[in-house]
Amino acid sequence: MYKIKTLNPIAEIGLAALDSAKYMIGDQVENPDAILVRSAKMHDYPFNPELLCIARAGAGVNNIPIDRCTEDGIVVFNTPGANAEAVKELALCAMLLASRDVVGGINWVSTIADDPEVAQKVEKGKSNFTGPEISGKTLGVIGLGAIGYKLANLALALGMNVCGYDPYLSVRAAWRLLPNVQLAESLDAVYKSCDYISLHVPVTEKSKGMINREAFDKMKDGVRIINLARGELVNDDHMLTALKSGKVARYVTDFPNPKTAGAEGVVALPHLGASTPESEDNCAVMAAQEVQAYLEHGNIHNSVNFPDAYMKPNGHVRVCFSHFNVPAVIGSVLKIISDCGINVENMVSKSRDKYAYGIVDVNAPVGDEFVAKLQQVENVIRVRVIG
């Protein structure tokens, strides 16, 4: 029986996707084979030797120590696209909140709610909360993945001009974009031409603090920024200065902090991006399916630290091994298999940057001694046998 520990509440529909006869699941499970997590911080979490994988029911994995996991051969999954519809809808809402001071207007009305002349005062005071229509304006979408492309297409339907930027745009993603989405060759082109800019990229060493003083200098006066991706993409000090000067008319963020929460010109949302029941269900189901495929068959899909690798189960004993992407590893593994008098029925090997992963189906049972030999191969990270 496989043991799965939940570090956060996971939607029941996802847990139900795992056969109770094969899986023990709960927040008190000890020495788990897998962990399902949402937002729990894991950087100081102790990994037991049996832990094989971690699945994040969401897109971002900044709460998981990816490097440490990779060193231990622990596969980390996320659920890209499972919350895309929810975030797309919130991005539309954010553009409207960035345009008109809806939040300020609501708050003001609440202060005069008991006034008998509230209707008359509203008519006199409403001009303080006006703002532009989004139709006819230009939206810059930075990152055209599962969320970004949906927002780009939606904005076109709302009468906006759309300029998208994504240096890693895949062919599949490009096909999903409507023809009228203009692809920018640089971030500078987005900054220069857009009235609204929406961020949909992960935080990396390169992207951290990308929206800063230098970027603002290239933008239109009165630009409106939407950040539902990650708070670290924006330099908060530079943003507050830009708001004060009028360079930025409004900043909508899903990641309030002591600097931005309550600041003038900031609409701070309480991390609502994926907070819909549909999104939570989708993420939970996808995470459960990823864990199941890996634990039962060694197949990898949507890993953030190892390559995708799939081979149809065929009843044979399956040997799975992760390793550094260097020459001679696969040859050494196959030689050990051959020297043991075992025949290879099928195999797949995939690489991703510095790391690689192999699946080999063999025609005979293998024992602990065999696994130990493979584990001793130079540059092999982890070996496991299924079946």
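- Thr6 places no side-chain N or O within 3.5 Å of a backbone atom of Pro9 that could act as its donor or acceptor partner.
- A salt bridge does not link Glu30 with Lys3: every distance from a Lys NZ or Arg NE/NH1/NH2 to an Asp or Glu carboxylate oxygen is 4.0 Å or more.
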Q: List the steps, then state whether side chain to side chain contact (heavy atoms under 4.5 Å, CB included) holds for Val162 with Thr138.
A: CA-CA 6 Å; Val162 180; Thr138 300; over 6 Å; no

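- The closest side-chain heavy-atom distance from Val360 to Arg318 is not below 4.5 Å.
- Asn314 and Asp361 share a side-chain donor-acceptor pair at under 3.5 Å.
- In this structure, OH on Tyr23 lies 4.5 Å from CD on Gln292, to the nearest 0.5 angstrom.
- Within the 4.5 Å cutoff, side-chain heavy atoms of Met42 are placed close to those of Pro65.
- Here Glu205 does not pair with Lys208 in a salt bridge; the nearest charged N to carboxylate O distance is not below 4.0 Å.
- Counted by atom type alone, Asp254 and His271 present zero donor-acceptor pairs between their side chains at under 3.5 Å.
- Here the closest heavy-atom approach between residue Gly164 and residue Val181 is recorded as N-CG1, 4.3 Å.
- Salt bridge annotation for Asp237-Lys259: present, with a cationic side-chain nitrogen under 4.0 angstrom from a carboxylate oxygen.
- Formation of a donor-acceptor pair under 3.5 Å by the Asn227 side chain with backbone atoms of Arg230 is found in this model.
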Q: Apply side chain to side chain contact (heavy atoms under 4.5 Å, CB included) to Val29 and Met24, showing your working.
A: CA-CA 8 Å; Val29 168; Met24 176 189 299; 4.2 Å; yes

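- Here CG of Asn153 is found 9.0 Å from NZ of Lys88. Values are rounded to the nearest 0.5 Å.
- The 12-atom threshold is not exceeded at CZ of Arg100, counting heavy atoms of other residues, nucleotides or ligands nearer than 6.0 Å.
- Contact record, Ala249 with Gly222: CB-O, 3.4 Å, taken as the closest heavy-atom pair.
- Cluster annotation: Val102 is connected to Leu228 through the hydrophobic network of ILVMFWY side chains, with a link wherever side-chain heavy atoms come within less than 4.5 Å.
- At most 12 non-hydrogen atoms from other residues, nucleotides or ligands lie less than 6.0 angstrom from NZ of Lys126.
- When atom types are taken as modelled, the side chain of Asn78 and the backbone of Arg56 share no donor-acceptor pair closer than 3.5 angstrom.
- Applying the 4.5 Å side-chain rule to ILVMFWY residues, one finds Ile142, Tyr165, Leu187, Tyr191, Ile197, Leu199, Val201, Val203, Met210, Ile211, Phe216, Met219, Val223, Ile225, Leu233, Val234, Met239, Leu240, Leu243, Val248, Tyr251, Val266 in the same cluster as Val190.
- In this structure, Tyr355 and Phe306 have perpendicular ring planes: the angle between them is above 60°, well past the 30° mark.
- Formation of a donor-acceptor pair under 3.5 Å by the Asp166 side chain with backbone atoms of Leu144 is found in this model.
- Relative orientation of the Phe47 and Tyr45 rings is tilted, given thresholds of 30° and 60° on the angle between their planes.
- Using a 4.5 Å heavy-atom cutoff, the side chains of Arg382 and Tyr357 are not in contact.
- Residues Ala287 and Thr79 approach most closely at N-CG2, 3.6 Å, considering heavy atoms.
- Here the side chain of Asn299 pairs a donor or acceptor atom with the backbone of Met311 at under 3.5 angstrom.
- Proximity of Cys53 to Leu295: side-chain heavy atoms (C-beta onward) are separated by under 4.5 Å at one or more points.
- The closest donor-acceptor contact from the side chain of Gln375 to the backbone of Val383 lies under 3.5 Å.
- By the 4.0 Å N-to-carboxylate-O rule, Asp195 lies close enough to Lys220 to be salt-bridged with it.
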Q. Passes side chain to side chain contact (heavy atoms under 4.5 Å, CB included), His316 versus Glu345? Steps please.
A. CA-CA 8 Å; His316 293 287; Glu345 298 293 334; 3.6 Å; yes

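- Rounded to the nearest 0.5 Å, atoms OH (Tyr196) and CG (Leu151) are 12.5 Å apart.
- Counting heavy atoms from C-beta on, the side chains of Val329 and Phe324 never come closer than 4.5 Å.
- Put simply, Leu178 and Tyr149 are part of the same group of oily side chains (I, L, V, M, F, W, Y) that touch within less than 4.5 Å, one to the next.
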(Q) Run the side chain to side chain donor-acceptor pair (under 3.5 Å) test on Ser186 and Asp188 for me, step by step, so that the C-alpha distance in whole Å, both residues' side-chain angles and the decisive distance to 0.1 Å come before the verdict. (A) CA-CA 5 Å; Ser186 68; Asp188 288 357; 5.2 Å; no

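- Heavy-atom minimum distance, Gly14 versus Ala288: O-CB, 3.3 Å.
- Comment: Arg68 does not engage Asp72 in a salt bridge, judged by the lack of any side-chain N to carboxylate O separation of less than 4.0 angstrom.
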Q) Between Asp115 and Lys121, does a salt bridge (charged side-chain N to carboxylate O under 4.0 Å, His left out) hold up when you go through it step by step? A) CA-CA 9 Å; Asp115 192 319; Lys121 289 189 175 182; 2.6 Å; yes

Q.
Run Phe321 and Val333 through side chain to side chain contact (heavy atoms under 4.5 Å, CB included) and show every step you take.
A. CA-CA 9 Å; Phe321 59 102; Val333 169; 3.9 Å; yes

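- Only one option out of Asn257, Asn212, Thr241, Thr260 pairs with Asp236 in a side-chain hydrogen bond (donor to acceptor under 3.5 Å, both in side chains); it is Asn257.
- Side-chain atoms of Ser349 never come within 3.5 Å of backbone atoms of Gly358 as a donor-acceptor pair (strictly under, hydrogens ignored).
- Within 6.0 Å of the NZ atom in Lys137, the count of heavy atoms belonging to other residues, nucleotides or ligands exceeds 12.
- In this structure, the side chains of His238 and Glu214 stay at 4.5 Å or more apart for every pair of heavy atoms.
- Between the Ser193 side chain and the Ala189 main chain, a donor and an acceptor come within less than 3.5 Å of each other.
- The two residues Cys69 and Ile54 have their closest heavy-atom pair at SG-CD1, 3.8 Å.
- Between Pro80 and Asn302, some side-chain heavy-atom pair lies under the 4.5 Å cut-off.
- Distance alone, capped at 3.5 Å, is enough to place a donor-acceptor pair between the Arg352 side chain and the Ser303 backbone.
- Looking only at side-chain heavy atoms (C-beta outward), Leu269 and Thr253 stay at 4.5 Å or farther from each other.
- Salt-bridge check for Asp27 with Lys5: failed, with every basic side-chain N at 4.0 Å or more from each acidic carboxylate O.
- A donor-acceptor pair under 3.5 Å is absent between the side-chain atoms of Glu133 and the main chain of Ser99, judged by distance alone.
- Neither Ile35 nor Leu52 shares a network with the other; the hydrophobic side chains, linked directly or stepwise wherever heavy atoms of I, L, V, M, F, W or Y lie under 4.5 Å apart, form separate groups for each.
- Annotation: cation-pi geometry satisfied between Arg384 and Tyr294 (NZ/CZ under 6.0 angstrom from ring centroid, within 45° of ring axis).
- At most 12 non-hydrogen atoms from other residues, nucleotides or ligands lie less than 6.0 angstrom from CG of Asp368.
- Salt bridge status for Arg38 with Glu280: present, with a side-chain N to carboxylate O gap under 4.0 Å.
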Q.
Assess the residue pair Thr204 and Ser207 against the criterion (side chain to side chain donor-acceptor pair (under 3.5 Å)); give the C-alpha distance rounded to whole Å, side-chain angles, the decisive distance to 0.1 Å, and a yes or no.
A. CA-CA 5 Å; Thr204 64; Ser207 67; 3.2 Å; yes

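- A 6.0 Å sphere centred on CG of Asp114 holds no more than 12 heavy atoms belonging to other residues, nucleotides or ligands.
- In terms of heavy atoms, Asn8 sits closest to Ala40 at OD1-N, 3.1 Å.
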